[in-house]
Q: 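Below you'll find the structure I mean.
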Amino acid sequence: MSATTQQTLPPPARRRSRGAAGDTGFRVLAGTAALLVLILLGATAAAMFWGGLPALRAFGWHFFVGVEWDPVAKRFAALVPIYGTLVTSAIAMLIAVPVSFGIAVFLTEVAPTWVRGPVAAAIELLAGVPSIIYGMWGLFVFVPFMADYVDPFLDAALGPLPVIGALFSGPPMGIGMLTAGIILAIMVIPFVSAVMRDVFTLVPPSLRESAFALGATRWEVVRGVVLPYTRTAVVGGIFLGLGRALGETMAVTFVLGNAHDFSISLLAPGNSIAAAIANEFTEADSDIYRQSLIALGFLLFVVTFVVLAAAKLMLLRMARREGT
Amino acid sequence: MRFTRHLLALALGCALSVGTAQAQQITGAGSTFVYPVLSKWSADYARKTGVQVNYQSIGSGGGIAQIKAGTVDFGASDAPLKPADLTQAGLAQFPLVIGGVVPVVNLPGVKPGDLKLSGPVLADIFLGRIKEWNDPAIAKLNPALKLPAMHIGVVHRSDGSGTTFNFVNYLSKVSPQWKDRVGEGTSVSWPTGVGGKGNEGVAAYVERLKGSIGYVEYAYVIQNKMKWTMMENAAGKFVRPSAESFQAAAASADWAHAQDFYLVMTNAPGADAYPIAATVFILAYKQPKDPARAKTALDFFRYALQMGQETAKSLDYVPFPAPVVQQIEAYWHANIHAQ
């Protein structure tokens, strides 16, 4: 419709020609920038796949389901780091999503205006703390706390239970997947809550006030008006945080234990893909060792891609259901 | 982060090896263990002669890769290369300085040097076969100590390391089960325990975890006042880790008959020898592309071996005794074609 209006208007000749040239130039520049990212993405994936291919070939499907990681015998399988990556990220999201939601709701709906600025700034500052700091804080402060109080309590309270007991048994070292997951949650909360807060403030006041006028409580407004209005952006924010949790290296390696033993228990040390690569790459002294680590990198790439693709699909389905 | 350093070293190595012709600068890369003493030596040497030695501590494996790629003048490794590998790559190898790997513990009521361990018991602990501190095997070695019924937390390195190489090489020598199940290498498949990154990572874990045992470089033990253990040596005597016991190990090792100095000093036979003594090896080309640079490098190492002994001692490293230094210089003469 706008195209036809433009055609009927007689624009000034000089301006039009200059505008057209600028427009083309702009389109080329912007297109190149976008294309560059796609090329980089494709090249990275291809390079990692190519580098890891000899390992994937040598070990076959066993690489994904085996637990052995033996640099001496040169036999490698990736189940322990894959499991560690997924479990620590799952724990992180389990904690981070409700807390972030609480923070965002508090800042947009509950808190008096003079509190909102400082609290929001404090949370955003947390996002700027380097991950090594979280790792060292985790090791020196949080690990002893977990070892002395939380792990023994969980072991005593939940350890004897039939099914979930297996998740919470083992010697209380304070180092392990639960600790790593909690540290990751703390790191992810600023990102998720910042996105949620931003989109909650975008809800038109008229909608919110109408709901209040109908006698809705604060919770009903959040559930019935704010969340449906912002659902897609909220899910996007959650997956942004999940992406960060999956790839986090330094903080995790400090508190995870870096052990290639498979254990179902969350209190036991484990390994993650990113931590294994960071720890072992420099001293990977045989070709197959290095190729296995590159294959691990490719796996992390695939896992992250699958997670983000799932997020996009979820958003699409939601949008379709709402008919927008 | 270490990977970035690796790349940085590579870039720097390339830039420097192209840039200088008159060998006022030489470059090396490798072992992180030797870095403190090597950087002190190079600072002293630069003040005396104006020659700059740039050393990148990227790890032993990285050092070997760099010297094989020809991007540096020398590589440094905590584990020796086999003579066959050296010949294949056209490299010469000689030892530079001695250190030691020391088991450290965190046990309530146990002071540094209180606990005595033997090689087979240490291997069984790291195999996960001995799980409690009041195990009869440990109690037998320590009749005077009252050991708690506490779970043993094993701490090892999570990154590949020359420290690990020397430690597991020793365990392989004293324990057939270790040799069968785990073997030796700069990183191995640990049967049990948690992994800390670097000496500092292991030290931090051992300090945090009650009832834990780990292994770190000697200098780390001294500087952090960690609880070290007495070790039973091959002669059946309990020795403490010290400059004297490391030197006793070096003296009792048969360097004269080791081709290309291929010798791991663990489980040395001397009566006062510490059983897990370790050596840093330097790798250099036998037929260097630039003989002038090779000569500069050898001059620096001659200075380090002869004049740098006090510097090494002040940093808790142990220098080689004079007869071994003479053997090293004779080896240079015969093998490295420097100008």
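From a predicted model like this one, the values you see are computed outputs, not experimental measurements. The figures that follow rest on heavy atoms only: side chains count, while hydrogens, waters and symmetry mates do not. Note on naming: letters A, B, ... go to the chains in the order of the sequence lines (proteins, then strands), and numbering restarts at 1 for each one.
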Q: For a quick check under 3.5 Å, do A:Asn258 and A:Asn279 share a side-chain donor-acceptor pair by atom type?
A: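 A:Asn258 vs A:Asn279: donor-acceptor pair found between side chains.
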Q: If we only count heavy atoms from C-beta on, is the A:Met48 to A:Phe301 side-chain gap below 4.5 Å?
A: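 They are in side-chain contact.
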Q: Could you tell me whether the side chain of A:Leu246 reaches within less than 4.5 Å of the side chain of A:Ile273, counting heavy atoms only?
A: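 Side-chain contact under 4.5 Å: no.
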Q: Less than 4.5 Å to any heavy atom of chain A: does that hold for the side chain of B:Val182, its backbone, both, or neither?
A: backbone
Q: With respect to chain A, which residue among B:Val168, B:Ile64, B:Thr186 yields the maximal number of heavy-atom pairs within a distance under 4.5 Å?
A: B:Thr186
Q: I'd like to know if A:Asp287 pairs up with A:Arg290 as an ion pair, taking the criterion as any Lys NZ or Arg NE/NH1/NH2 lying under 4.0 Å from an Asp or Glu carboxylate oxygen.
A: yes
Q: Identify which part of B:Ser212 has an atom lying under 4.5 Å from any heavy atom of chain A, answering side chain, backbone, both or neither.
A: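 Neither part.
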Q: Is it true that A:Gln291 and A:Trp50 share a donor-acceptor pair across their side chains at a distance under 3.5 Å?
A: no
Q: If you count heavy-atom pairs within less than 4.5 Å of chain A, which of B:Ser158, B:Gly185, B:Gly162, B:Gly201 leads?
A: B:Ser158
Q: Let me know if A:Phe140 has heavy atoms under 4.5 Å from chain B in its side chain, its backbone, both or neither.
A: both
Q: Tell me, side chain or backbone of A:Ile175 under 4.5 Å from chain B's heavy atoms, or both, or neither?
A: side chain
Q: Name the region of B:Glu207, side chain, backbone, both or neither, that has any atom closer than 4.5 Å to a heavy atom of chain A.
A: neither
